[in-house]
Amino acid sequence: MSTPTREIRLAARPHGEPKPTDFELAEVELPDPGEDQVLIRNTFMSVDPYMRGRMNDVKSYTPPFQLGAALDGGAVGEVVASNAEGLAVGDVVVHQLGWREHAVLAGKHVRKVDADGIPESAFLGVLGMPGLTAYAGLLDVAGLKDGDVVFVSGAAGAVGSLAGQIAKLRGHTVIGSAGSAEKVAHLRDDLGFDQAFNYKDGSVTEQLVAAAPDGIDVYFDNVGGDHLEAAIDAFNLHGRAALCGMISNYNATEPNPAPRNMMTLVGKRITLRGFIVTDHGARVKDLIAEVAPAVADGRIQFRETVREGLENAPQAFIDLLRGANTGKMVVKL
Ligand code: NDP
C-alpha cells in the first residue's frame, strides 16, 4: 500500500529573482517504509535563503538541486509508520526531506525532538539550523568576548534575530540593520537591540557610524556587499567578522563588487572568517541548554512568518528573498 502525496520540484533554474514558474507541484505515490525506515507526515517545512544557491548549476558546499526533481530542506513532522528502532508512531522528528507532504527515509537520518511545551516549528528556527548558525557563528567563529560591540545585519531574520539576542543576553552592546521601519522598531522594542537602522534609508556606512560612534568589534554578516564594506570601516583594531551569508548577492546576475576598503583589514588587523553550520553540529547541545530555557522564560523571543499549504511554498521562498518575513519563514503543511 503506497501513500499518495505531493512534492515541489524545480522546473527551471531561476535567472535573477525566482519566479513561480521555476517550480512545479507534483503528485506522487510514496512506497511503504522498508527495513529501518520511517514514514513521516510533515507538519512544517523550512524555507531558507541558502536554497537559492542550490538552484544554480554550480559547484558549492552542497550539491545543486536537479531539474525535475523534488527540492529538499529542513522539515518537522510526525512519524506515521515505523520500521526503525527507537522511532515510534506519534514521535515528532526533524529531518531534511521538506518540500513534500510525506517522506520516507532511514531512521538514522531522522532526529527525534522533545516538543513538550515548545512549538514544533521552533525546531526549524530558533532551536534548529538557524539557531545553531547564530550560536556557533557568534561564539565560535567570531569569538565573542567581554566588552565586544556587536553589529548584526539581516537582524530581523531567523539567524540575525537570535545572534543579536544572544549577544544582548551576554551583556553586549548590539546594533542591528534590517529593511523596514517595522523591523527596526521590532529590533529595538521587542528584541532589546541598543541601536537599529533601516539600510534602505541611506548609506549603510553613515548609519553604522552614527549607531556605533565608538566602533564595532564583531560583525555577524548575513548580507555582504555594502554592509560588509561598512563594517570594515567601523571596525576597531582586531575586529572579527563571522561571514554567515551574503543575501544581497543571491539573486544577482553579475558578481557583486567586493568591498572597496580591503586595505583597511591590514591596518586594523581584522579577521573575516566564513563558516558553514554543518561543521558545528557538536554545539547543538549547548544551543539547546542555553537558548531553550531563555526561549521558555521569554528572555529570547522568536517570531515566525507562517505560510499555509505546500502549494504556497514557492511564493514563500520568493518572498523570503524579498524580505517579507520577520523571524523564521516556515510553511505549515
Ligand atoms: P532571514 O530570516 O534573515 O531572511 C532573509 C532576509 O534577508 C529577508 O527577510 C530580508 O530582510 C533580508 N534581505 C533580503 N535581501 C536583502 C538585501 N539585498 N540586503 C539586505 N538584506 C536582505 O534568513 P536566515 O536567517 O535563514 O538567513 C540569514 C543569512 O544566513 C542568509 O545569508 C543565509 O544564507 C545565511 N545562512 C548561513 C548559514 C551558514 O551555514 N553559513 C546557515 C543558515 C543561514 P530585510 O527586510 O531586512 O531586507
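Both ligands and their constituent atoms are indexed starting at 1 by order of listing.
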Pick from N222, T305, D48: the one approaching atom 29 (C) of ligand 1 most closely through a non-hydrogen atom: N222
For V223, atoms of ligand 1 separated by under 4.0 Å from a heavy atom: 19 (N), 20 (C), 21 (N)
Nitrogen or oxygen atoms of P130 and ligand 1 under 3.5 Å apart: no
Ligand 1 N/O within reach of H227 N/O, cut-off under 3.5 Å: no
Contact atoms of ligand 1, heavy-atom distance to M246 under 4.0 Å: 32 (O)
Validation: residues 152-178 side-chain donor-acceptor distances under 3.5 Å, sequence neighbours left out:
| residue | atom | partner | partner atom | Å |
| --- | --- | --- | --- | --- |
| S153 | OG | Y219 | OH | 2.8 |
| S153 | OG | N222 | N | 3.1 |
| S161 | OG | G157 | O | 2.6 |
| S161 | OG | A158 | O | 3.4 |
| Q165 | OE1 | Q301 | N | 2.8 |
| Q165 | NE2 | S161 | O | 3.2 |
| Q165 | NE2 | Q301 | O | 2.8 |
| K168 | NZ | H172 | O | 3.1 |
| K168 | NZ | D194 | OD1 | 3.2 |
| K168 | NZ | D194 | OD2 | 2.8 |
| R170 | NE | E290 | OE2 | 3.2 |
| R170 | NH2 | E290 | OE1 | 2.8 |
| R170 | NH2 | E290 | OE2 | 3.2 |
| H172 | ND1 | D148 | O | 2.8 |
| S177 | OG | H227 | NE2 | 3.0 |

For L320, atoms of ligand 1 separated by under 4.0 Å from a heavy atom: 4 (O), 5 (C), 8 (C), 9 (O)
Options S46, P49, S161, ranked by nearest heavy atom to atom 26 (O) of ligand 1, top entry: P49
Interfacing atoms of ligand 1 (cut-off 4.0 Å, heavy-atom, A178): 47 (O)
Nearest-neighbour protein heavy atom for atom 5 (C) of ligand 1, which is reported as residue plus atom name and distance: I247 CD1, 3.6 Å
Non-hydrogen atom of K328 closer than 4.0 Å to ligand 1: no
Side chain to side chain donor-acceptor pair (under 3.5 Å) partners of N83, counting only residues at least two apart: none
Numbering as shown, the atoms of ligand 1 that approach Y250 to under 4.0 Å (heavy-atom distance): 31 (C), 32 (O), 33 (C), 34 (O)
